Amino acid sequence: MLGGRWMLVGVMMAVPFSGTSVRAQSQAASGGERPWWRPSVIYEVYPRSFADSNNDGIGDLNGIASKLDYLESLGVDAIWITPCYPSPQKDFGYDVSDYTNIDPMYGTLADFDHLVAAARQHHIRVLMDFVVNHTSDQHPWFLASRSSRNSPYRDWYIWRDGKGPGQPPNNWISDFGGPAWTWDAKTQQWYYHYFEAAQPDLNWRNPAVQKAMFNVARFWYDRGVAGFRLDAVDTLYEDPNLHDNPIVNGQMVNKYNDNLAENHVILRRLRSLSNQYDAVLLGETWTDNISQLKQYYGDHDDEIQLPMDFMFATVNTLSASKFRHQIDMIESSGEWPTFVITNHDMERSYNRYGDGVHNDQIAKLMAALYLTLRGTAVMYYGEEIGMSNNDPKRLQDVLDPLGRMDWPKNKGRDGERTPMQWNDTFNAGFTKGKPWLPIPASYKTHNVATELQEPNSILNFYKALLRMRRDDPAIASGDYVDVAPDDANVICFLRRYQDHSVLVALNLSGERQRLNVDLSSDGVGTGKVTTLLTTMKHGPRKLRGAELDPFAVWIVRVGQRGGQADATAGQNPGR
Ligand code: GLC
């Protein structure tokens with residue numbers, strides 16, 4: 001399955017987080033005790049592309065620190081920084097050559113400590129990206145491992161004899177194309193790599209590897225990180241007998257090198273370590289069905305707290321019934337959902353869901369969908385300003401190894417990793433140097449400075465939604481009730497917490513739609529309602545007969561039966 005994971009396309013002791021956020025206050029107000037990561041918003045920062053403080057064209061940690069005011073005012077609770085460890089950058093940081101340091105291009109450990117401390121002042125936690133499956137082929141462990149068959153590090157990686165001369169040990173295929181095995185002429189054996197040849201897989205069956213990797217986790221926890229995004233967790237273990245994978249309909253099924261039961265043993269141990277630090281694990285959990293996703297939570301809620309739901313993220317079409325199906329799946333699993341619509345491996349949602357005409361409206365619609373559902377939300381930088389993909393036009397411009405492998409069928413991931421658009425000046429305010437990737441022309445209109453001035457911008461809509469997630473008890477803590485299960489065009493659900501009820505109505509179609517909801521069995525009155533947030537000029541005053549404009553978002557407070565909806569006129573900060 002080539003590229004199958006991406007369907008498109010100073011030492012301080014950990015101290016309890018002390019900032020009293022608005023969220024903490026609203027939790028207290030609602031009386032709920034819940035872990036800090038519920039229902040937080042985690043913002044993914046791709047450090048190469050966020051903000052460049054030294055004008056070398058590549059973002060850095062001091063750049064991120066300089067944008068903390070922005071992130072706080074946006075309303076995110078945590079940032080997840082994709083790998084910023086020393087790395088040859090063959091896979092832009094996902095090839096780590098030292099797990100306990102910072103790549104000089106991003107700064108120093110002191111800069112990192114400063115960032116964590118400054119983020120804390122802004123009530124923002126910091127998550128690191130833990131590349132658990134593989135290292136760089138330049139990591140000292142691998143250099144030692146390949147130096148000789150007798151090296152004490154030999155068994156830290158997966159070395160095998162081939163089936164015969166020039167033949168790898170089995171038929172496994174790398175996710176980056178070609179065999180998952182590379183021949184080492186010096187030691188006359190093959191080593192295994194699920195991804196690029198420059199990313200050899202660690203041998204998690206070796207207790208020394210486990211010990212070293214758990215020490216890495218402790219190192220960062222002790223520096224104050226609030227958790228990890230676990231990279232490629234499904235690929236940790238391989239079948240020790242190296243059985244060939246089956247081929248079904250011409251496609252390899254990764255039966256023997258993906259999703260092995262042993263993965264879960266390590267996840268339980270990582271979870272137990274995270275519990276000691278009140279930290280969270282966010283999983284890169286690609287799954288085919290809900291039962292696989294459910295397994296990542298652990299049978300006793302003892303594995304990953306936040307396994308990302310990529311089945312939701314890859315619906316890839318503006319279909320009310322397809323999204324509803326995914327929401328129903330995770331809701332009926334009884335688990336806490338983690339919603340995401342895009343990331344550094346997927347085409348931006350602006351392009352994927354946009355129809356080329358109403359993209360700004362659709363960007364708000366998508367934002368309202370994943371940010372008002374029950375669950376944790378993971379946002380990718382730039383989504384809040386409607387950033388679009390800027391795919392390379394020529395093979396010679398492609399930097400991402402995936403793009404070079406399969407050009408032009410797959411243009412790779414450069415397009416979704418372009419610099420953050422801060423303003424409409426030179427290089428979108430990202431750098432005074434030459435940006436490492438070209439900035440899309442859309443920066444003239446879609447940038448932070450311009451959108452802050454524009455009341456109805458995508459950015460102000462995101463800010464209003466994030467404020468609502470913090471301040472509205474029903475959105476923050478309510479349950480989820482689908483009230484239009486058969487509507488082909490509109491997703492409409494209630495969020496209910498004690499005597500607060502909020503109805504979210506989303507028109508996923510390009511036509512006006514009449515809302516057909518009956519709340520009589522939900523204990524909610526259907527009379528007058530109060531619009532909390534809408535993209536329409538005027539929110540309807542009543543539920544009965546309400547109509548939604550094309551791609552409209554309408555979020556309203558509804559009265560509990562016997563109670564009354566707030567009579568204040570609704571606001572419209574995101575039209
Ligand atoms: C994860 C990362 C991706 C990377 C791969 C190999 O899927 O998200 O960017 O290429 O792991 O490390």
Side-chain angles (χ1 to χ4, degrees), residues 1-5 83 85-99 131-213 215-216 231-232 234-247 251-260 262-263 266 401-402 404-406:
M1 56 156 211
L2 297 190
R5 297 162 65 77
Y85 315 101
S87 159
Q89 302 288 322
K90 287 265 172 64
D91 190 18
F92 297 102
Y94 285 95
D95 47 327
V96 178
S97 55
D98 180 356
Y99 283 102
V131 187
V132 277
N133 174 67
H134 49 270
T135 68
S136 158
D137 62 354
Q138 299 306 307
H139 195 293
W141 299 340
F142 189 72
L143 294 177
S145 183
R146 81 183 312 173
S147 67
S148 133
R149 287 201 189 196
N150 300 324
S151 161
Y153 284 90
R154 187 66 170 180
D155 196 32
W156 282 47
Y157 294 84
I158 298 166
W159 291 96
R160 289 290 192 286
D161 294 331
K163 273 184 175 163
Q167 288 177 21
N170 65 16
N171 72 347
W172 298 353
I173 299 271
S174 152
D175 222 41
F176 280 62
W181 297 92
T182 290
W183 175 248
D184 181 58
K186 185 175 174 206
T187 58
Q188 297 282 302
Q189 274 191 318
W190 300 80
Y191 70 86
Y192 171 67
H193 48 90
Y194 190 101
F195 297 96
E196 267 240 311
Q199 295 167 298
D201 272 46
L202 283 162
N203 176 16
W204 273 87
R205 296 189 189 275
N206 181 342
V209 167
Q210 298 181 10
K211 188 168 171 214
M213 292 301 268
N215 283 341
V216 168
D231 183 62
D234 43 342
T235 62
L236 284 186
Y237 278 88
E238 303 74 32
D239 168 33
N241 300 316
L242 304 185
H243 281 105
D244 275 350
N245 276 328
I247 313 280
Q251 284 271 345
M252 178 164 292
V253 178
N254 288 351
K255 179 171 175 189
Y256 293 108
N257 57 341
D258 229 337
N259 254 318
L260 266 63
E262 293 94 319
N263 291 359
I266 297 301
L402 261 186
R404 288 201 304 268
M405 170 190 106
D406 212 9

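All values reported here derive from a predicted model rather than from experimental measurement.
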Practice item. Would you confirm whether Asn263, through its side chain, and Tyr237, through its main-chain N or O, come within 3.5 Å as a donor-acceptor pair? Key: yes

Point to revise | Smallest separation among heavy atoms of Pro83 and Tyr94, with atom names | key: CD-CZ, 3.3 Å

Review point. Closest heavy-atom contact between Asp258 and Thr235?
Key: OD1-CG2, 3.6 Å

Point to revise | Side chain Asn171, main chain Asp244, donor-acceptor under 3.5 Å | key: no

Exercise for review: Mind checking the OG1-OH spacing from Thr135 to Tyr85? Nearest 0.5 Å is all I need.
Suggested key: 13.5 Å

Practice item. Evaluate the side-chain proximity of Trp181 to Leu242: yes if any heavy-atom separation is below 4.5 Å, no if none is. Key: yes

**Study point:** Closest non-hydrogen atom pair between Arg205 and Pro240, with its separation
**Key:** NH2-CD, 3.5 Å

Check your understanding: Got Asp91 and Glu196 here, is their nearest side-chain heavy-atom distance under 4.5 Å?
Key -> no

Review point. How far does CD of Glu262 sit from CD of Glu238, to the nearest 0.5 angstrom?
Key: 9.5 Å

Exercise for review: Quick one: pull up CG in Leu402 and CG in Asp175 and give me the separation to the nearest 0.5 Å.
Suggested key: 7.5 Å

Exercise for review: Decide side-chain contact (heavy atoms from CB on, under 4.5 Å) for Ile158 and Asn203; before the verdict, give the C-alpha distance in whole Å, the side-chain angles of both, and the deciding distance to 0.1 Å.
Suggested key: CA-CA 6 Å; Ile158 298 166; Asn203 176 16; 3.9 Å; yes

Check your understanding: Where the side chain of Trp204 meets the backbone of Val132, is there a donor-acceptor pair that is under 3.5 Å apart?
Key -> yes

Point to revise | Greater than 12 external heavy atoms within 6.0 Å of Lys163's NZ | key: yes

Practice item. To the nearest 0.5 angstrom, please state how far the CD atom of Gln251 sits from the CD1 atom of Ile173. Key: 10.5 Å

**Study point:** Under 3.5 Å: donor-acceptor pair, side chain of Asp98, backbone of Pro86
**Key:** no

**Study point:** For the student: nearest non-hydrogen atoms of Ser151 and Ala144, plus distance
**Key:** OG-O, 2.9 Å

Check your understanding: Okay, side chain of Asn245, backbone of Lys255: is any donor-acceptor separation there less than 3.5 Å?
Key -> yes

Check your understanding: What's the shortest heavy-atom distance between Pro140 and Ser97, and which atoms?
Key -> CD-O, 3.3 Å

Check your understanding: Could Lys90 and Asp95 be called an ion pair, given the rule that one side-chain N must be under 4.0 Å from one carboxylate O?
Key -> no

Point to revise | Minimum-distance pair of heavy atoms, taken over all atoms of His193 and Ser174 | key: O-CB, 4.0 Å

Exercise for review: Measure the spacing between CG of Asn257 and CG of Leu236 and express it to the nearest 0.5 Å.
Suggested key: 12.0 Å

Exercise for review: Check for a donor-acceptor pair, side chain of Ser145 on one end and backbone N or O of Arg154 on the other, with a separation under 3.5 Å.
Suggested key: yes

Practice item. Supply the atom-to-atom distance Thr182 OG1 to Trp190 CH2, rounded to the nearest 0.5 angstrom. Key: 7.5 Å

Review point. Looking at Phe142, Trp141, Tyr192, Tyr191, which one forms a ring pair (Phe, Tyr, Trp, His ring centres under 6.0 Å) with Tyr157?
Key: Phe142

Exercise for review: Begin with the C-alpha distance, continue with both residues' side-chain angles, and end with the deciding distance and a verdict on side-chain hydrogen bond (donor to acceptor under 3.5 Å, both in side chains) for Asn241 and Tyr256.
Suggested key: CA-CA 9 Å; Asn241 300 316; Tyr256 293 108; over 6 Å; no

Review point. Do the side chains of Asn215 and Tyr99 get nearer than 4.5 Å, heavy atoms only?
Key: no

Review point. Relative to Trp159, does Arg149 satisfy both conditions: NZ or CZ under 6.0 angstrom from the six-membered ring centre, and within 45 degrees of the ring's axis?
Key: no

Exercise for review: For the residue pair Asp201 and Asn133, confirm or rule out a side-chain donor-acceptor distance under 3.5 Å.
Suggested key: yes

